[in-house]
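Chain A is the first sequence line, chain B the second, and so forth, proteins listed ahead of strands; every chain is numbered from 1.
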Number of protein chains: 2
Amino acid sequence: MNLTHLKTFVAVAELRHFARAASACNVSQPAVSHQIAQLEDSVGAKLLNRAPRRVSLTVAGEVLLEEARRILAAVDRAHERMHEVSSGAVGRIRLGASATPGLYLLPSLLADYRESHARFDLQFQIGAVDEIAERVIRNDLDMAVIAGRPPTDELRMQTLLHDELVAIGAAGKARRTRTRESQPGLDAQCWIMREAKSTTRREVEAWLNRHGIVPARTMTFDGPDAVKRAVTAGLGIAIVSKLTVEEDLKARRVVRLDLGFPLPTRTVYLLDHPHKHHGAACSAMLKLFSATFPEMR
Amino acid sequence: MNLTHLKTFVAVAELRHFARAASACNVSQPAVSHQIAQLEDSVGAKLLNRAPRRVSLTVAGEVLLEEARRILAAVDRAHERMHEVSSGAVGRIRLGASATPGLYLLPSLLADYRESHARFDLQFQIGAVDEIAERVIRNDLDMAVIAGRPPTDELRMQTLLHDELVAIGAAGKARRTRTRESQPGLDAQCWIMREAKSTTRREVEAWLNRHGIVPARTMTFDGPDAVKRAVTAGLGIAIVSKLTVEEDLKARRVVRLDLGFPLPTRTVYLLDHPHKHHGAACSAMLKLFSATFPEMR
DNA sequence: TTCATCGATAAGTAACGTTTATCGGCCTGA
DNA sequence: TCAGGCCGATAAACGTTACTTATCGATGAA
């Protein structure tokens, strides 16, 4: 039993006429006879009574007609949905991000996207870099934005922008602003750090290590917002992404510190799967990224 | 797009592996590649991401997987139902009858049938002979039982039994029983007749005509029951099928009259369509008829 | 680097569906 | 009553389709 059999059968059942069904299906009459004969063989029952000048349905034929209509309707529906998908009328994008770009870079961009592509289903998720990259590899996510190099080379990386790290302290201790901290002073600070899996934390630790700074005290907070709050509250100093504190520096909620050594910069990458065929929703997102970030070219 | 495409695609999507899908479908791996390529062409979208060592679904693929499962489930369901029908696990019979056999011959037989074939849908309908025969021709009915020859030769006729007509009168006028009525006496009777389209009525009219009896008064009643009630109430005499009055004669509700001329007999036929393929339910009914009526052989 | 895995590709072959031509049955109308 | 037309079945030839085996190229693992 295949779809041609069913289409032919439905035509014959509705027209009650082999030859007319044949022209309706754009085939010759013997082809219809053959199709019906095959179908009857495959279901093991006569479907049609061939009385002279009168074709009628057997019980089996009526049952099969009902089912055939159901099947063909399901096929039509499938074609319709595929057309919607391939024409870009509907779509879905599952975007991931690490905390810094997810909280400070993407929200406004996603708002633009949602506005101009309301018909697409937009899913967004923030997570640790490793987890996000793994999900892109497994195709649980379509693409992801992360700060710093991902832990894998399986994915395509496109540069979105370059991000600086900056040192910040509480606004109340403004006297230190623009003042070089001596290294013992840096050791003595309480360093506010991101959670263990954070890229920022790894970069900060590498920097501290590189300059022989051994913090006397550290405190760990989950996410850039929590780090900022801790700094604002005077709990210590921190090295954070400039992206996360531009507003706060302007508003003088925190002040920038000059630690005496240059702080690293890092790259914000867009990750996606090199072998993946992007649908309309993903292509639109790529286009938006490329329009927003000249670096991406 | 055909069912093979969909089955192959579902196998690949579930196993996420072309070669394993191939062996699951009992075909070679290139056949699977080919099927998927064709399917992607026919829906106009890539369905699978072929990353090295990792096959995953595109958005279009996920949509189609959903639809393909729906379609294949509908096909399975169709096969199941067809199997039920052709194995005789389910069935349907639409039986028609004219008034006399429908009211006096079939009810007990249908009770037997329903008891031994509860799984079959039994539909029964009483109507005028012309209408019933037409419905059998159009395959609105599977078969029918009628008294007397049908108005068409398009249908197969099988003899069930021979039925006598008998003349009856009200029980109170018992003196007439077994007494030859003179012909003027017959003319003078009020004749209770069946409705115009009744076979019985036509036979009675032919008989009256043949013997030169011209009823002075006639009354028409719809159906054999109404005729009997009219006779019982003393409204007149009637010629009716013996089938309809056997009980009433025994119970002395009516008496049999001897009108001096032999009354005709007629045959009760089973009608069905000569080109029709009977399902299990109809075959069972034919078997029951043939067991019940030795005439049918 | 070498080997194994995996999907794509090529070429040959087998199977299938469709076509034209024709048959046989049946109904219709002169 | 017979000729003509309608209708579905059948036969043979043809073209297409879908499968097979063999092989390639790319990729990852040992």
Quick one: is [X] getting a side-chain N or O under 4.0 Å of the [N] phosphate, OP1 or OP2?
{"X": "B/S28", "N": "D/dT20", "result": "yes"}
{"X": "A/R50", "N": "D/dA9", "result": "yes"}
{"X": "A/S33", "N": "D/dA9", "result": "yes"}
{"X": "A/Q38", "N": "C/dC16", "result": "no"}
{"X": "A/H17", "N": "D/dC7", "result": "yes"}
{"X": "A/N2", "N": "C/dC16", "result": "no"}

For this session: Evaluate the side-chain contact (heavy atoms from CB on, under 4.5 Å) criterion for residues B/I137 and B/D140: first the C-alpha distance (whole Å), next the side-chain angles of each, then the deciding distance (0.1 Å), finally the verdict.
Result: CA-CA 8 Å; B/I137 291 172; B/D140 285 343; over 6 Å; no
What nucleotide, of [options], holds the atom closest to the side chain of [X]?
{"X": "A/A31", "options": "D/dG8, C/dT18, D/dC19", "value": "C/dT18"}
{"X": "B/F18", "options": "C/dT18, C/dA8, D/dA18", "value": "C/dA8"}
{"X": "B/V27", "options": "D/dT20, D/dT27, D/dA11", "value": "D/dT20"}

How close or far is atom [atom2] of [N] from atom [atom1] of [X], stated in whole angstroms?
{"X": "A/L3", "N": "C/dC16", "atom1": "CG", "atom2": "C1'", "answer": "16 Å"}
{"X": "A/N49", "N": "D/dG8", "atom1": "CG", "atom2": "P", "answer": "13 Å"}
{"X": "B/E40", "N": "C/dA8", "atom1": "CD", "atom2": "C1'", "answer": "12 Å"}
{"X": "A/I137", "N": "D/dG28", "atom1": "CD1", "atom2": "C1'", "answer": "14 Å"}
{"X": "A/H34", "N": "D/dA12", "atom1": "NE2", "atom2": "P", "answer": "14 Å"}
{"X": "A/D41", "N": "C/dC16", "atom1": "CG", "atom2": "P", "answer": "13 Å"}
{"X": "A/L39", "N": "D/dA9", "atom1": "CG", "atom2": "C1'", "answer": "17 Å"}
{"X": "A/I36", "N": "D/dT10", "atom1": "CD1", "atom2": "P", "answer": "14 Å"}

Exercise. Do any N or O atoms from the side chain of B/S198 and from the backbone of B/T200 form a donor-acceptor pair under 3.5 angstrom?
Worked result: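 Present.
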Problem set entry | Side chain A/D142, main chain A/R94, donor-acceptor under 3.5 Å |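 At least one qualifying donor-acceptor pair exists.
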Exercise. Within a strict 4.5 Å, meaning less than it, do heavy atoms of the B/F289 and B/M143 side chains meet?
Worked result: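 The answer is yes; the side chains approach within 4.5 Å.
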Exercise. Does the side chain of B/E203 pick up a donor-acceptor pair with the side chain of B/T199 at under 3.5 Å?
Worked result: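 Short answer, no.
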Exercise. Base, sugar-phosphate, or nothing: which does B/V55 touch, judged by heavy atoms less than 4.0 Å apart?
Worked result: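 If one applies the 4.0 Å heavy-atom cut-off, B/V55 turns out to touch the sugar-phosphate alone, with no base involved.
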Exercise. Going by modelled atom types, is there a donor-acceptor pair between the base of C/dA8 and the side chain of B/Q29 at under 3.5 Å?
Worked result: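 By the distance-only test, yes, there is a pair.
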Exercise. Which sits closer to the 5' end of DNA chain C, B/R20 or B/E154, going by the nucleotide each is nearest to?
Worked result: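 In this pair, the answer is B/R20.
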